[in-house]
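Letters A, B, ... mirror the listed sequences (proteins, then strands); counts begin at 1.
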Amino acid sequence: MNDIIIDAREIRKTLGKGAGEVQALRGVDLALRKGELTLLMGPSGSGKTTLLLILGCMLTPSAGRVTVCGTATSDADKEALARIRRDHIGFVFQSYHLFPTMTARQNVQLALDIRGHHGRDAARKSRDALALVGLDQKAKSLPDSLSGGEQQRVAIARAFVANPSVILADEPTSALDGDSGRAIMRILVDAAHKRDRAVLVVTHDPRIVSFADRIVRIEDGVLADEQADESERRRLPKAASWP
Amino acid sequence: MSLVMTLATRNLLHDRLRLVATLIGIVFSVVLVMIQMGLFLGFGHMVSTMIDHANADLWVLPKGAKCFEDPSQLDVKLREKVAAADGVASVVPLVIGFSDWRLDSGEVTPVFIVGSDVKAGGLQPWNVVEGDVRSLSQWGAVAVDRTYFDRLGIKKLGDAAEIHGHKVKVVAVTDGIRSFTTTPYVFVDQKDSRFYTGMFPSKASDLLVRLKPDADRTKAVQAIRDRVGNDVEVLTTAEFRKRSRSFWLFGTGAGAALFAGAILGVIVGTVIVAQTLYSSTKDHLSEFATLRAMGSSNNYIYGVIIYQALFNAVVGFIMAGAIGYVVVRMTERSALPIVITPWLMAALFVLTVVMCVASGFVAIIRVVRIDPASVFMR
């Protein structure tokens, strides 16, 4: 139980109003544990992004309870939710969302800067984080001069430089080729296994299931049966694997 | 050092065209306010220049006299009463008024006569560049400013003309004693001034009072008031300066017009900066949303916007200051020089910062509405 970083219980979320009302989540239970890389898979409109937003403290559930590192999020206001994100969560976005005018090192350092860590020590930690993703030689490069895979690696370095307890990644490989996608997933696996973090990857991408410790499927706002990674991998067609 | 400044500066420099437009807006606004206020100060100095240069601690004026140029008169016999008051060292009558100056060509131009007892001091011309003020005690001697030579048909020291039918000769030339009314000042001895202005010997325009060095100013004023009665007023030089400026600047509406121009400058500047900062913020909304998603506090994001506003303010102010310096140099010998004091510069800097930061709040209002979840939708 102590290994649980994010614990979501009976999560329900209603989006829209009146005739446009949609039950995006209908009683979801999910726990993210440290040292474990979890894949959240499901078709478009299944509720996976809504669940990610709730787990990432950007959206509050209509019902149910979420705790992040033991802190309940249900009564928190926007600033308190931002503080929880700042203290415990690192994000990796599908479109990287790097700052185009800042170098790779500065992009990473921003994650420390918003936490009040400035100066040389923050710069050194940022360079170290870039080295961990193999980009120490690109520290002074602007995002525009980096490939998609390199940009995503910068985004990952930014996500874990402040040593968060959990990393939430939204489709981190969807815009990448096979080699880049594999490199990204290896970094995320290392973040989970070697650095004892909880990692949740939301994805459509069947090529990355081999990296998962655990695969969670969601459909119509309900978690389908959770499957052990081995059985899921066996179910995948060969063509879906990376070459 | 925080990356707030780096992020803010890079955001601004990222779109240089917009930065240039913002800075032009700020410079236009600050220069407009600077010139309006500089004119205000210049005008204020000009309308009180005679009061500032008079050798007087106190002024005894006809009741209700609004300014130095006021045509009211008082009884010159009051001089003895004032002189007898405790603390008074000397009393010099001043005779002022409009007259007509006839050029050699026969053309006539109005002049403003300033007549004071040359030997007793009082109000004598300053910035004398040619001739001798002491020569004003001679009959028909006058001192004029060289900026009015063309107007008065004068070419040099020693040239002659005619005031109100009396022959006069230029015995002293000054530099920079200009009148805001555009009517040239002509300094003469008091005895002559009565012929030129038509003022009776029993009358004077004002009495200039010098106090003894150890005199108590407040007590001296009261002592004089007790002696002269209610038909005249006794003002300190500072009080008379304030009254004169107040009359010309606000009583005539000239000051209000200058202030209106300054306020217009502030409004224009604020609107331009607000519009460009808002537009810049809007262009970087996804970045601010990313910061928010990463867990940044609102204050961190406000810091970026406020720093952008401060950057605009400082750079814009420096550019405006440089232009202001040029304008001051260009107008310093004009009929109405623009006066920019260190205090005005300090006030303008504060105004520029306030204007830019206030503009930043418009952008902040937009940022407050950012939904960090939007990062996942793109």
Side-chain angles (χ1 to χ4, degrees), chain A residues 48-54 56-60 77-103 105-120 122-123 126 142 155 158-159 161-162 164 168-171 202, chain B residues 1-19 22 276-277 279-308 311-312 363-378:
Chain A
K48 58 183 189 303
T49 300
T50 304
L51 181 57
L52 179 72
L53 292 174
I54 289 172
C57 301
M58 292 190 207
L59 202 61
T60 48
D77 60 16
K78 284 183 177 179
E79 276 302 289
L81 289 173
R83 197 175 313 120
I84 293 171
R85 292 197 295 274
R86 191 159 68 234
D87 291 344
H88 302 295
I89 305 174
F91 289 97
V92 179
F93 310 110
Q94 181 179 2
S95 313
Y96 326 132
H97 285 291
L98 298 179
F99 292 73
T101 59
M102 309 283 268
T103 65
R105 195 264 297 164
Q106 287 169 331
N107 265 284
V108 175
Q109 198 174 327
L110 269 174
L112 294 170
D113 209 57
I114 62 169
R115 290 165 170 87
H117 302 303
H118 314 299
R120 289 180 182 172
S126 305
L142 290 172
R158 181 176 68 183
V161 69
L168 303 180
D170 181 34
E171 305 274 8
V202 173
Chain B
M1 196 174 74
S2 170
L3 289 177
V4 166
M5 284 184 265
T6 310
L7 182 58
T9 312
R10 298 270 175 90
N11 279 356
L12 285 173
L13 295 176
H14 186 60
D15 189 342
R16 295 195 180 165
L17 196 61
R18 178 162 45 210
L19 177 62
T22 308
T276 50
L277 264 183
S279 155
S280 167
T281 303
K282 209 173 161 193
D283 280 1
H284 293 98
L285 270 185
S286 72
E287 292 170 28
F288 291 127
T290 303
L291 280 175
R292 198 73 177 127
M294 287 163 60
S296 147
S297 65
N298 270 334
N299 285 343
Y300 187 90
I301 295 171
Y302 300 161
V304 175
I305 295 169
I306 295 296
Y307 183 81
Q308 287 180 333
F311 180 96
N312 284 332
I364 283 175
I365 289 168
R366 179 68 186 86
V367 166
V368 166
R369 298 204 303 263
I370 286 180
D371 180 5
S374 64
V375 176
F376 289 90
M377 310 305 173
R378 281 186 275 264

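- Using a 4.5 Å cut-off between heavy atoms, L59(A) makes no contact with chain B at all.
- Side-chain N or O atoms of R158(A) include none that pairs as donor or acceptor with a backbone N or O of L110(A) at under 3.5 Å.
- Contact annotation for R120(A): neither backbone nor side-chain heavy atoms come within less than 4.5 Å of a heavy atom of chain B.
- Relative orientation of the F93(A) and F91(A) rings is parallel, given thresholds of 30° and 60° on the angle between their planes.
- At a 4.5 Å heavy-atom cutoff, the contact between L52(A) and chain B is made by side-chain atoms alone.
- In this structure, R366(B) and L285(B) have side chains that are in contact, with non-hydrogen atoms separated by less than 4.5 Å.
- Electrostatic pairing of R292(B) and E287(B) does not count as a salt bridge here, judged by no charged N lying under 4.0 Å from a carboxylate O.
- Looking at L7(B), the atoms closer than 4.5 Å to chain A (heavy atoms on both sides) sit in the backbone and in the side chain alike.
- Considering only heavy-atom pairs separated by less than 4.5 Å from chain B, the leading option among P100(A), A122(A), G90(A) is P100(A).
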Check against side chain to side chain contact (heavy atoms under 4.5 Å, CB included), V202(A) and L51(A)
CA-CA 10 Å; V202(A) 173; L51(A) 181 57; over 6 Å; no

